[in-house]
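Down below is the structure, laid out as structure tokens.
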Amino acid sequence: MERKQSTPSTDIILKNQLIIEDIRRINQEYQLKKKRNKKFNITTYGCQMNEHDSEKLKGMLCQMGYDETDKRENSDLVIFNTCCVRENAELKVYGNLGHLKSFKRKNPNAIIAVCGCMMQQEHVVKEIKKTYKHVDLVFGTHNIHNFPKLLSQAMNSDNMLVDVWDSEGEIIEGLPVIRKLDVKAFVNIMYGCNNFCTYCIVPYTRGRERSRDPEVILSEVKDLVADGVKEITLLGQNVNSYGNTFDNGYTFADLLKAVNEIEGLERIRFMTSHPKDISDDVIDAIAECEKLCEHVHLPVQSGSNNMLKAMNRKYTREHYLDLIRKIKTKVPNATISTDLIIGFPGETDQDIEDTIDLIKEVEYDASYTFIYSVRTGTPAAEYDNQIDEKVKHERFEKVLNVINDIISRKNKTLKDEVLEILVEGQSSKDKTILTGRTRGFRTVNFPGDESDIGKLVKVKITNPRSFSLMGEKVE
Ligand code: SAH
Ligand code: SF4
Ligand code: F3S
């Protein structure tokens, strides 16, 4: 708790501020001439890490005098904040970049910038230089704080500017942030990952694990609560190793307990827990802290010990099932969700049977199931026992059917139960329907008006569907 924000961070923020002021002046001249502010459009792919980086980019851009627009074709600055966790995420970015060729021809003064995880891979930057020459600026995940300088340089150059750092520096706190104010918010508690699961690109794109100071996190949560936020999700690639980089023994369980004390906050969630690291203290905290929701996202990836070993997950099926038993004993109403990878190199029919067997034993409440995607630069990409695409898809369907049956059966048991819902907003399809989540992270829809948005209400489940629950508010 004693650690203070270091001087280099403050230094960077000050230098940034000067450049931000310069660009703001240029944009004001533009505003006077054209009678409108310059506009930016940003598309964010991937996880909450990228979402949060986009919030920082937006914060800096608003200080520079830009307005945000959702119309790419009307923008003076187009940004893609990219993800490369699976191939389809990358393909979307390449497709969209291709579409921007004609936009750049029509708007030669507009700036096109690409950043985020994809840019941390050399082969991607090479491809952009070769095929997408209309891009003006390429930067990575480690130098986002230098964005004002990079933008200013890109505006004054006819060539593509590429600046990607190989490794992370210190955590830069204090960058301006524009958040979409909502009932719920995500707060990063750590960055990076040290685990090197053999399929995963994240450790290469996000660098080594670094934890943010608890003081900085707690003050961010308090500010959000003062702005009306009711639910906070604490984020990290492996939240259970939060604090490992400190020398004072402060742990994730300590942080959970401290956040639980914040007045006005209603709910706390966290993501993601690695099964090798989740501690008894964290499970106890879920049982004891009233604001901490009874939902654990505990990605298993596979139910087969052979696969877990090949994936370098560092736990066994038996250890995982022990954890589940412990959670269910200490927090009897806990819901459990997972991530699964189907078709990892070398996977046999027996391995899939082991996964199905584990799914049936745990009886998950939700699962994010992915077909294995080869990621250049990861160890598993080099394995020569890759699984045929057709086989991967067949296995994927089989696993999905098992999971869907379980979820739909569990949902049915909720008929007539009265559950506490945090109302998040109106349904996008029908404004007379409100939508929110239970503490266990199930989505519930019910008729109501907007005065209930942001409130905790009691809803009786009348029609449990396979993937969402319909209900009625009870007074
Ligand atoms: N740090 C988190 C999540 C990381 S990425 C964790 O360890 O759980 C989110 C999920 O994407 C992973 O849990 C995994 O299921 C999936 N994933 C990662 N790399 C993948 C790949 N190459 N192919 C398919 N799915 C992948
Ligand atoms: Fe990827 Fe594994 Fe790290 Fe999660 S824990 S980000 S799956 S390497
Ligand atoms: Fe997130 Fe995708 Fe990067 S999942 S950490 S944005 S590779």
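Side-chain atoms are counted along with the backbone in the values below, which use heavy atoms only and exclude waters and symmetry mates. Read the numbers this way: they start at 1 and go in the same order the structure lists the ligands and their atoms.
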Original post:
ligand 1 and D339, any nitrogen or oxygen pair closer than 3.5 angstrom?
Top reply: yes
Subject >> Salt bridge flag under 4.0 Å for residues E353 and K398 >> reply: yes
Original post:
At a non-hydrogen distance cut-off of under 4.0 Å, which region of P203 contacts ligand 2 (side chain, backbone, both, or neither)?
Top reply: side chain
Original post:
Which atoms of ligand 1 sit under 4.0 Å from any heavy atom of R86?
Top reply: 11 (O), 16 (C), 17 (N), 23 (N), 24 (C), 25 (N), 26 (C)
Original post:
Are any N, O or S atoms from C47 nearer to atom 1 (Fe) of ligand 3 than 2.8 Å?
Top reply: yes
Original post:
On the ring face of F441, is R437 found with NZ or CZ under 6.0 Å from the centre and within 45° of the axis?
Top reply: yes
**OP:** Kindly identify the option in P299, S373, A381 whose heavy atom sits closest to atom 23 (N) of ligand 1.
**Re:** S373
Subject >> cation_pi(R206, Y191) dist<6.0 Å, angle<=45 >> reply: no
Original post:
Is the closest basic N to carboxylate O distance between D357 and K360 below 4.0 Å?
Top reply: no
Original post:
Does E220 pair with R212 as a salt bridge, N-O distance under 4.0 Å?
Top reply: yes
Original post:
What atoms of ligand 1 come within less than 4.0 Å of a heavy atom belonging to R313?
Top reply: 7 (O)
**OP:** Indicate yes or no: does an N/O atom of T272 lie under 3.5 Å from an N/O atom of ligand 1?
**Re:** no
Original post:
Is Y372 in polar range of ligand 1, meaning some N or O pair under 3.5 Å apart?
Top reply: no
**OP:** List every atom of ligand 2 that sits less than 4.0 Å from any heavy atom of F196, numbering the atoms from 1 in the order shown and giving each element.
**Re:** 8 (S)
Original post:
So Y204 and Q121, side-chain contact (heavy atoms from CB on, under 4.5 Å) or not? Walk me through it.
Top reply: CA-CA 8 Å; Y204 307 90; Q121 307 173 98; over 6 Å; no
**OP:** Would you mind telling me which of R439, R409, K410 makes a salt bridge (Lys or Arg N to Asp or Glu O under 4.0 Å) with D365?
**Re:** K410
Original post:
Would you call Q301 a ligand 2 contact, heavy-atom distance under 4.0 Å?
Top reply: no
Original post:
Mind checking whether N238 has an N or O less than 3.5 Å away from an N or O of ligand 1?
Top reply: no
Original post:
Backbone, side chain, both or neither: what part of C83 comes under 4.0 angstrom of ligand 3, heavy atoms only?
Top reply: both
Original post:
Is it true that some N/O/S atom of C197, main chain or side chain, lies under 2.8 Å from atom 2 (Fe) of ligand 2?
Top reply: yes
**OP:** Check ligand 1 against R375 and write out every atom of the ligand that is under 4.0 Å from a heavy-atom position of the residue.
**Re:** 22 (N)
**OP:** Among D284, D280, D281, find the one that has a salt bridge (Lys or Arg N to Asp or Glu O under 4.0 Å) with K326.
**Re:** D280
Original post:
Once the angle between the rings of F396 and H393 is folded into 0 to 90°, is it parallel (under 30°), tilted (30 to 60°) or perpendicular (over 60°)?
Top reply: perpendicular
Original post:
For Q237, is the nearest heavy atom under 4.0 Å from an atom of ligand 3?
Top reply: yes
